[in-house]
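Notes to accompany the following structure.
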Amino acid sequence: MPVLPLEGYRVLDLGWVLAGPIVGHVLADMGAEVIKIESRKRLDSSRQARPLQGKEIPEGSRHEFVPLFHAVNRNKLSLAMDLTHPRALPIVKEIVRKSDVLVENFSPDVLPRLGLDYASISSFAPRLVMVSMAGAGQYGPLREIRTYASTVTALAGMDSLMGYEGDRVIGTTGVSWADPNASLFAVHAILTALWHREETGQGQHIDLAQLETTAV
């Protein structure tokens with residue numbers, strides 16, 4: 001059988017909803033071992049989307065039968081863990097130490113509070129490639145904004161292009177275009193960073209603002 005391009009690489013997927021998880025599933029499709037960490041304390045929003053319908057779904061298992069969640073998390077390993085629990089941090093750090101890539105799309109203040117910001121991680125995993133996909137990036141006046149795809153397209157000006165001349169703006173009607181768009185930018189950035197690491201031995205932190213990838 002042919003060898004997939006990322007076989008032998010390990011990815012820690014802390015992605016949330018769509019933008020982060022899509023990155024993980026593309027890397028998994030390319031052969032990487034992707035470990036997705038979830039929390040039972042706060043379910044991923046994509047698990048709470050419309051589930052399959054039918055009497056065969058066990059009571060209380062609705063979140064396990066959501067096509068949207070499975071579409072963007074295929075080919076991944078899964079680990080349930082509350083990252084805010086004191087015993088979680090040593091386990092996560094050990095996984096990070098043995099990983100090549102970390103993907104996250106939290107707001108910029110989340111991982112620093114947990115001691116998992118890039119400055120901390122790089123001290124014990126200098127070869128790690130980490131991509132952070134906050135809505136407006138890690139720096140600047142909008143860094144604290146919490147976004148979904150519809151927020152990003154509005155901020156990028158895309159919504160203002162949807163409509164007819166002389167009439168009211170229609171907008172993008174809720175299509176989550178910005179999510180997969182940012183994800184594909186992130187995949188290309190990760191592959192480039194891995195190539196750079198093979199040449200230099202150095203990992204790096206990719207600050208990928210979803211707003212910027214949508215406005216390009």
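Here the structure is a predicted model, which means the values were calculated and not measured.
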(request) Grab the two heavy atoms, one from A19 and one from V23, that are nearest each other, plus how far apart they are. (result) O-CG2, 3.4 Å
(message) Rounded at 0.5 Å granularity, tell me how far CD1 in I190 sits from CG in L6.
(response) 9.5 Å
(message) Check for me, please, whether M81 and L111 land in the same ILVMFWY cluster - side-chain distances under 4.5 Å, paths through other members count.
(response) yes
(message) Would you compute the distance between atom CZ of R113 and atom CZ of F106 and round it to the nearest 0.5 angstrom?
(response) 10.0 Å
(request) Using a cut-off of 6.0 Å, state whether more than 12 heavy atoms not belonging to E212 lie near its atom CD. (result) no
(message) side chain to side chain contact (heavy atoms under 4.5 Å, CB included) for M133 and T213? Distances and angles first, verdict last.
(response) CA-CA 10 Å; M133 302 172 63; T213 65; over 6 Å; no
(message) To the closest 0.5 Å, what do you measure between CG (D109) and CG (L114)?
(response) 9.5 Å
(request) Starting at CG of L102, measure out to CD1 of I206 and round the result to the nearest 0.5 Å. (result) 11.0 Å
(request) Is it possible for you to say whether I95 and V103 belong to one hydrophobic cluster, with membership spreading through side-chain heavy-atom contacts below 4.5 Å? (result) no
(request) Search all heavy atoms of V72 against all heavy atoms of L18 and return the closest pair with its distance. (result) CG1-CD2, 4.0 Å
(request) Measure the OG-CH2 distance between S107 and W16 for me, rounded to the nearest 0.5 Å. (result) 11.0 Å
(request) Tell me whether L184 is reachable from L208 by hopping between hydrophobic residues (I, L, V, M, F, W, Y) whose side-chain heavy atoms are closer than 4.5 Å. (result) no
(message) Can you give me the closest heavy-atom contact between H25 and A71, atom names plus distance?
(response) CD2-O, 3.9 Å
(message) For the CZ atom of F185 and the OG1 atom of T214, what is their distance to the nearest 0.5 Å?
(response) 8.0 Å
(message) Quick check: is L79 connected to V34 through a chain of hydrophobic side chains (ILVMFWY, heavy atoms under 4.5 Å apart)?
(response) no
(message) I'd like to check E38 versus S78 (side-chain heavy atoms, cut-off strictly below 4.5 Å). Are they in contact?
(response) yes
(request) Keeping the roles fixed (side chain from D100, backbone from R10), state whether a donor-acceptor pair exists under 3.5 Å. (result) yes
(request) Evaluate the side-chain proximity of M30 to V26: yes if any heavy-atom separation is below 4.5 Å, no if none is. (result) yes
(request) Take L116 and L89, measure what side chain to side chain contact (heavy atoms under 4.5 Å, CB included) needs, and give me the verdict at the end. (result) CA-CA 8 Å; L116 292 172; L89 187 58; 3.6 Å; yes
(request) Could I get the full list of side chain to side chain donor-acceptor pair (under 3.5 Å) partners for R127, not counting sequence neighbours? (result) none
(message) Just checking Y139: does its OH atom have more than 12 heavy atoms from other residues, nucleotides or ligands closer to it than 6.0 angstrom?
(response) no
(request) Side-chain contact test, heavy atoms from C-beta onward, threshold under 4.5 Å: evaluate it for L12 versus V101 and give yes or no. (result) no
(message) So which atom in A32 and which in V11 form the shortest heavy-atom distance, rounded to 0.1 Å?
(response) CB-CG2, 4.0 Å
(request) Report yes or no: do V96 and I91 belong to one cluster of Ile/Leu/Val/Met/Phe/Trp/Tyr joined by side chain heavy-atom distances under 4.5 Å? (result) yes
(request) Decide yes or no for E104 and M130: does some side-chain heavy atom of the first lie under 4.5 Å from some side-chain heavy atom of the second? (result) yes
(request) Hey, could you give me each pair passing salt bridge (Lys or Arg N to Asp or Glu O under 4.0 Å) that has a residue in residues 69-82? Not counting sequence neighbours. (result) D13-K76, D29-R74, K41-D82
(request) Quick one: closest heavy-atom pair of K36 and G15, and the distance? (result) NZ-O, 3.1 Å
(message) Using the salt bridge (charged side-chain N to carboxylate O under 4.0 Å, His left out) criterion, which residues pair with K93? Sequence neighbours excluded.
(response) none
(message) Give me the atom names and distance for the closest heavy-atom approach of L194 to Y9.
(response) CD2-CE2, 4.0 Å
